[in-house]
Amino acid sequence: MKSERIKEAILIIVSFVIGGVLTFIVIDGKDLLNKTTTTSSASSGLTCSAADCTKVVVDESGISEAVEKVYDGILMIRNYQNDEVASTGTGFVYKIEGDDAYVITNQHVVDGADRITLITSTDEEIEGEVLGGDSYVDIAIVRMKKTDDLVALTLGNSENSKLGDLVFTIGNPLGYEYRGSVSTGHLAGKDRLVSVSTDNNSSSSDWVMKVLQTDAAINPGNSGGPLMNANGEVIGVISLKLVQTEVEGMGFAIPIEYVNSKIETLEKGESIEWPVLGVQMLNVSDAKYSYRYNFDIPNDVDSGVVIAGIEEGTGAASSDLKAGDIVTAINGVEVSDSAYLRYELYKYQAGDTIELTYLRAGEEHTTKVKLSKSE
């Protein structure tokens with residue numbers, strides 16, 4: 001009898017202990033779970049890629065902290081021609097020295113301008129001076145007088161960015177009315193090769209750009225603006241987008257590392273020295289099906305570059321190349337048209353010697369060509 005009472009007492013004590021544990025889990029445990037969830041939903045942003053980067057908080061409210069950090073460094077650019085606004089775009093401050101601020105934008109934003117002005121986040125319009133630009137890089141450097149509200153953006157590193165990373169841009173889509181618009185998206189692709197025209201008046205491609213792809217909204221007027229990671233570091237310069245009825249959300253930015261490698265030259269007002277092959281070029285696709293040209297192109301050859309002429313005093317003139325030859329590769333890398341040939345060619349410098357693979361009368365040959373300087 002006594003042992004049975006002892007058993008009952010033990011059961012009662014155990015029941016109280018279990019009941020207390022369950023109550024803690026149901027009541028207090030819920031608060032702990034909520035605290036854990038709240039903590040995990042906020043992030044310090046992506047890993048900083050610059051040494052002096054300041055991390056910002058990215059949470060359910062978005063990237064407002066990062067936007068605030070960079071907003072006063074982003075400008076609207078007006079391109080004036082014949083005393084009228086011909087076009088608008090975006091630029092951003094990357095350096096402030098003394099009384100001057102230096103701005104990166106696209107060459108096509110300032111191309112053909114008689115003068116340009118820059119509009120700050122406080123709606124002040126300031127005259128700008130284009131120091132230098134290049135249509136192949138599609139970058140121009142502009143100098144303007146510093147104002148108290150201007151800030152310089154941090155140039156980051158696109159190579160450290162990963163597919164799916166949160167990115168955003170601030171720009172001036174469709175002009176003045178929508179200036180300072182923020183759009184967010186993700187890094188959708190890296191090392192994309194996109195054929196473009198370096199001539200605003202031409203629809204044919206003559207250059208290939210290696211770019212970052214994003215699904216952030218890009219519209220006319222965003223050109224020249226920064227593509228930034230969640231910490232507000234610039235990882236690219238907005239340059240173009242695909243405009244087709246069946247395409248949505250495919251914008252492209254020039255990687256900031258490539259831009260950075262050209263800034264010093266353009267700041268000084270110097271031209272970027274691209275190597276010269278010394279030939280006039282035609283795409284096989286153009287020469288083959290046009291009555292204007294009379295080159296003997298085999299029926300089974302659908303890509304490559306036809307040599308239409310050779311310039312005297314160049315490396316091509318000292319090589320085995322002749323008019324009518326079809327160049328198919330540079331140093332073993334296939335070139336499908338003149339845009340890709342120029343893309344591969346511009347990886348080298350004047351004075352370098354390259355090997356060209358070409359077809360003549362249907363037979364494959366190779367020749368060495370020493371690249372010349374542009375004049």
Side-chain angles (χ1 to χ4, degrees), residues 104-113 129-142 193-202 204-211 237 239-240 254-255 257-283 286-287 304-323 325-358 366-375:
I104 291 174
T105 187
N106 288 147
Q107 170 62 23
H108 77 259
V109 169
V110 300
D111 194 35
E129 176 190 4
V130 179
L131 299 179
D134 186 272
S135 57
Y136 289 112
V137 183
D138 196 22
I139 291 296
I141 303 299
V142 178
L193 295 178
V194 180
S195 297
V196 297
S197 172
T198 58
D199 183 352
N200 289 336
N201 299 316
S202 174
S204 60
S205 301
D206 61 351
W207 177 240
V208 174
M209 296 179 68
K210 181 180 283 189
V211 290
V237 180
S239 180
L240 66 153
I254 308 163
E257 294 84 3
Y258 187 57
V259 175
N260 219 353
S261 69
K262 309 298 181 185
I263 286 178
E264 185 177 354
T265 299
L266 298 179
E267 264 188 15
K268 295 176 181 177
E270 299 174 355
S271 298
I272 296 174
E273 289 191 358
W274 301 110
V276 173
L277 181 59
V279 300
Q280 289 98 42
M281 299 182 290
L282 288 170
N283 293 335
D286 295 329
V305 178
V306 180
I307 303 300
I310 297 177
E311 299 175 10
E312 294 183 4
T314 64
S318 301
S319 72
D320 297 328
L321 290 176
K322 295 181 179 179
D325 291 343
I326 303 171
V327 176
T328 58
I330 294 179
N331 283 346
V333 179
E334 182 180 344
V335 291
S336 57
D337 56 28
S338 58
Y340 276 87
L341 186 149
R342 190 172 280 111
Y343 172 74
E344 289 299 326
L345 180 67
Y346 286 0
K347 292 179 179 178
Y348 302 95
Q349 297 179 351
D352 290 346
T353 298
I354 61 173
E355 182 180 79
L356 294 182
T357 303
Y358 63 96
T366 61
T367 186
K368 302 285 187 180
V369 180
K370 185 175 182 179
L371 301 177
S372 309
K373 283 187 177 182
S374 56
E375 298 180 357

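Everything numeric in this text was worked out from a predicted model, so none of it was measured. The first residue of the sequence shown is numbered 1, and numbering continues consecutively from there.
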* For Val137 against Ile254, the heavy-atom pair lying closest together -> O-CD1, 3.3 Å
* Which heavy atom of Leu321 sits nearest a heavy atom of Ile310, and at what distance? -> O-CD1, 3.2 Å
* To do: Take atom NZ of Lys347 as the centre, draw a 6.0 Å sphere, and report whether it contains more than 12 heavy atoms from other residues, nucleotides or ligands.
  => yes
* Asked: Any side-chain heavy-atom pair from Trp274 and Leu345 closer than 4.5 angstrom?
  -> no
* Does NZ in Lys370 sit with more than 12 non-hydrogen atoms of other residues, nucleotides or ligands closer than 6.0 Å? -> no
* To do: Would you give the length of the straight line joining atom OG of Ser271 to atom CG of Asp134, rounded to the nearest 0.5 angstrom?
  => 8.0 Å
* To do: Could you tell me the separation between the OG atom of Ser195 and the CG atom of Asp206, rounded to the nearest 0.5 Å?
  => 9.5 Å
* Does any donor atom in the side chain of Tyr358 or Asp320 lie under 3.5 Å from an acceptor atom in the other side chain? -> no
* Asked: Taking side chain as C-beta onward, heavy atoms only, is Ile104 less than 4.5 Å from Ile139?
  -> yes
* Can you name the closest pair of heavy atoms from Ala350 and Ser372 and give their distance? -> CB-O, 3.4 Å
* Asked: Which one of Thr353, Leu277, Val276 satisfies the side chain to side chain contact (heavy atoms under 4.5 Å, CB included) criterion with Leu371?
  -> Leu277
* To do: For Asp138 and Trp207, test the side chains for any donor-to-acceptor distance below 3.5 angstrom and give the result as yes or no.
  => no
* Checking side-chain contact (heavy atoms from CB on, under 4.5 Å) for the pair Val327/Thr357: CA distance, chi angles, key distance, verdict? -> CA-CA 6 Å; Val327 176; Thr357 303; over 6 Å; no
* Structure fact -> Heavy-atom closest pair (Gly133 atom, Gln107 atom, distance to 0.1 Å) is CA-OE1, 3.2 Å
* Asked: When you measure from the side chain of Asn283 to the backbone N and O of Asp337, does any donor-acceptor pair fall under 3.5 Å?
  -> no
* Structure fact -> Correct closest heavy-atom pair for Thr367 and Ser319 would be OG1-CB, 3.6 Å
* Asked: Distance from Tyr340 atom OH to Glu344 atom CD, nearest 0.5 Å?
  -> 9.5 Å
* Closest approach of Ala323 and Ala308, non-hydrogen atoms and distance? -> CB-O, 4.1 Å
* Quick one: are Val196 and Val208 in side-chain contact, heavy atoms under 4.5 Å? -> no
* Structure fact -> One should read off an interatomic distance between Ile326 CD1 and Leu282 CG, to the nearest 0.5 angstrom, of 11.0 Å
* Evaluate the criterion side-chain contact (heavy atoms from CB on, under 4.5 Å) for residue pair Tyr136 and Ile272; output intermediate values, then yes/no. => CA-CA 9 Å; Tyr136 289 112; Ile272 296 174; over 6 Å; no
* Could you tell me whether the side chain of Gln349 reaches within less than 4.5 Å of the side chain of Glu273, counting heavy atoms only? => no
* Is the number of heavy atoms from other residues, nucleotides or ligands under 6.0 Å of Glu355 CD greater than 12? -> yes
* Taking the side chain from Asn106 and the backbone from His108, do they hold a donor-acceptor pair closer than 3.5 Å? -> no
* To do: Drop me the distance from Leu341's CG to Met281's CE, to the nearest 0.5 angstrom.
  => 5.5 Å
* Distance from Leu356 atom CG to Ile307 atom CD1, nearest 0.5 Å? -> 7.5 Å
* Asked: Taking the side chain as C-beta and beyond, is there a heavy-atom pair between Leu131 and Leu266 under 4.5 Å?
  -> no
